[in-house]
Amino acid sequence: MADPEPVGALRLVLGDQLSHGLASLSDIDRARDVVLMVEVDDETRYVPHHRQKIVFVLSAMRHFADELRMAGVRVDYVNLDEAGNSGSFSGEVARAVGRHKPDRLILTEPGEWRVLEQMRSWQETLCLPVDIRDDDRFFASRHRFGRWAEGRKSFRMEFFYREMRREHAILMEGDEPVGGQWNFDHDNRKSLPKDVTPPKRSRFAPDEITRSVMALVAARHADHFGELDGFGWAVTRGDAEAAFAHFLRDALPHFGDYQDAMKTGEPFLFHAIISPYLNIGLLTARDVCLAAEAEWRAGRAPLNAVEGFIRQILGWREYVRSIYWARMPGYARTNALEANRPLPLFYWTGETAMNCLAQCIGDIHRHAYGHHIQRLMVTGNFALLAGIRPAEIEAWYLAVYIDAFEWVELPNVHGMVLFADDGLLASKPYAASGAYIDRMSDYCASCTYDPALKAGPRACPFNYLYWHFLIENAGKLERNPRMAMPYRTLRAFSEARRAEIMADATLFLSSVDSTAGRGTNQLALDLETPQ
Ligand code: DLZ
Ligand code: SF4
């Protein structure tokens, strides 16, 4: 029998790179190259990921490997529980180089700084040429953002978004935005009327591959947060496309109107819920933007909904990724408001009398999902007002949401939620009292606290925490022009009113159990263990 041809390139595909058009697959030689995919403990444990998130990524990886094999590609796939699995990307790439003796290694740049650091060391440690390619699934390359950012004092998303619209001719009429304006957000702040029912969302029954990953995760990650049983996410491109088509037809027309609304037991409302699919590569940003634009051009969805949807992807998603790569690794270490409180225990247990927080955390536990206003104005607002240490709350966000990868999580939480980057991303902190949550949700009606009360044991804690936050951070925020109004109001408060705020806030914050001294995995285990 003739010797098999020597292997040419070894091409690594990571768990969030599941796109057939990936840069590192583009020029594959099916006769000589090998695609390497590895399930590794390091990636399942660097934060205690929600169990549905681990199932989602590993099952989608296994399905993607099968699709590649069906297309005639040679795939070397390492299972999580395979004997000899070293548990790390570096270890598994070294083992695979030993097995195949390739002449080079081809990679697509990863989504996280810590993984890029590993990749950069491989050329030397493996004594092999390593080709790290740009991830061209994004509209803007890292280089493209650098050109835009050069010489600018502040990086506001809105201007970057306009350039992206022009450059990619999306929602444009010649050089002008369709509808005569770039942004229709003022139409998008409605609360949900009682008689409006959100559409039923696509859920996908786990197939054999997903069921076997669920069993693996149940056995190996019993100490992680989150329900496993209700798993209904798409794990193939075909199913992700079906879920997206369903959104276009049934939810997009109302997406704009109700995108800031919150309702008990309805975490999905009219949201697209495609961020998990976009972020691991089952759907691509360009395809979904063009499909949404086509809905508007065909008269099936209004412009406020379509523009709002496209802005999240062509604008915000591209912009936060660019900030991440432009500012890492220093970005993660800033703490502009010197926030230093440990993460409260209830972020893992959901046990708090504050109903909005209990509901949002319960939704995450069941679905590994929450929409952007739940993330920004409930769990995020509390973290901002209570001064939670950025690194602790960021690890929580990275762990609990199915769509969280550091390139998107970090700027959103560090910059947008916590103002820890001193205003690079947001022009002011997104701090709000209970009135906002009361207006945008039905949570307050079933809460122990009263959003109309400003002080005392039954007052909504957001009310006095808001003013406490402004008092504590006056030195840093008072001169921000966008904070002028609240500080003017605060200056008119009597000494007695200020003392009352400080006393209520101090008493409340001292009563919140913290996670200090406990490992998060252990906490999740406590939570899952029946009492
Ligand atoms: C999130 C994740 C998990 C849970 N497991 C794996 C894995 O076993 N193998 C893999 O290739 N990728 C996994 N991922 C996604 C990676 O964490 C992600 O590719 C990096 O964080 C870079 O963005
Ligand atoms: Fe949340 Fe305050 Fe409303 Fe209770 S009263 S649900 S704590 S906003």
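Worth saying up front: this structure is predicted, and the values here are computed from it rather than measured. When a ligand or atom number is given, it counts from 1 through the structure's own listing order.
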Inset, instruction - Would you kindly specify which portion of Gln118 sits under 4.0 Å from ligand 1, judged on non-hydrogen atoms: side chain, backbone, both or neither? - result: neither
Legend entry - Part of Trp407 with heavy atoms under 4.0 Å of ligand 1, whether side chain, backbone, both or neither: neither
Is any NZ, NE, NH1 or NH2 atom of the basic residue among [X] and [Y] found under 4.0 Å from an Asp or Glu carboxylate oxygen of the other?
{"X": "Glu500", "Y": "Lys454", "result": "no"}
{"X": "Asp134", "Y": "Arg144", "result": "no"}
{"X": "Arg220", "Y": "Glu39", "result": "no"}
{"X": "Arg99", "Y": "Asp76", "result": "yes"}
{"X": "Asp363", "Y": "Arg366", "result": "yes"}
{"X": "Glu318", "Y": "Arg321", "result": "no"}
{"X": "Arg11", "Y": "Asp27", "result": "yes"}
{"X": "Glu67", "Y": "Arg237", "result": "no"}

What's the shortest distance from [atom] to any protein heavy atom, and which residue and atom give it?
{"atom": "atom 23 (O) of ligand 1", "answer": "Asp16 OD2, 2.6 Å"}
{"atom": "atom 12 (N) of ligand 1", "answer": "Gly15 N, 3.2 Å"}
{"atom": "atom 15 (C) of ligand 1", "answer": "Phe405 CE2, 4.0 Å"}
{"atom": "atom 9 (N) of ligand 1", "answer": "Val38 O, 2.8 Å"}

Inset, instruction - Looking only at non-hydrogen atoms, find the nearest pair between Tyr277 and Ala234 and report the distance. - result: OH-N, 3.0 Å
Inset, instruction - Quick one: list whatever passes ring pair (Phe, Tyr, Trp, His ring centres under 6.0 Å) with Phe268, sequence neighbours left out. - result: His367, Tyr369
Inset, instruction - Look at the rings of Phe64 and His20 and say which category their plane angle falls in: under 30° parallel, 30 to 60° tilted, over 60° perpendicular. - result: tilted
Distance-only N or O hit between ligand 1 and [X], under 3.5 Å:
{"X": "Val40", "result": "yes"}
{"X": "Glu39", "result": "no"}
{"X": "Lys53", "result": "no"}
{"X": "His49", "result": "no"}
{"X": "Val57", "result": "no"}

With a cut-off of 4.0 Å, which atoms of ligand 1 are near a heavy atom of [X]?
{"X": "Glu112", "value": "21 (O), 22 (C), 23 (O)"}
{"X": "Gly111", "value": "22 (C), 23 (O)"}
{"X": "Arg114", "value": "17 (O), 21 (O)"}
{"X": "Leu14", "value": "11 (O), 19 (O)"}

Inset, instruction - May I ask which of His50, Glu43, Met37, Gln17 has a heavy atom nearer to atom 13 (C) of ligand 1 than the others do? - result: Glu43
Inset, instruction - With Arg375 as the cation and Trp396 as the aromatic partner, state whether NZ or CZ is under 6.0 Å from the six-membered ring centre and within 45° of the axis. - result: no
Legend entry - Quiz item: cation-pi between Lys53 and Phe405, 6.0 Å / 45°: yes
Inset, instruction - Report the C-alpha distance between Glu112 and Tyr324 in whole Å, list the side-chain angles of each, state the deciding distance to 0.1 Å, and finish with yes or no for side chain to side chain donor-acceptor pair (under 3.5 Å). - result: CA-CA 9 Å; Glu112 305 200 350; Tyr324 178 81; 5.8 Å; no
Legend entry - Listed protein N/O/S atoms, distance to atom 2 (Fe) of ligand 2 under 2.8 Å: Cys460 SG
Inset, instruction - Return yes when Leu58 approaches ligand 1 closer than 4.0 angstrom through a heavy atom, no otherwise. - result: yes
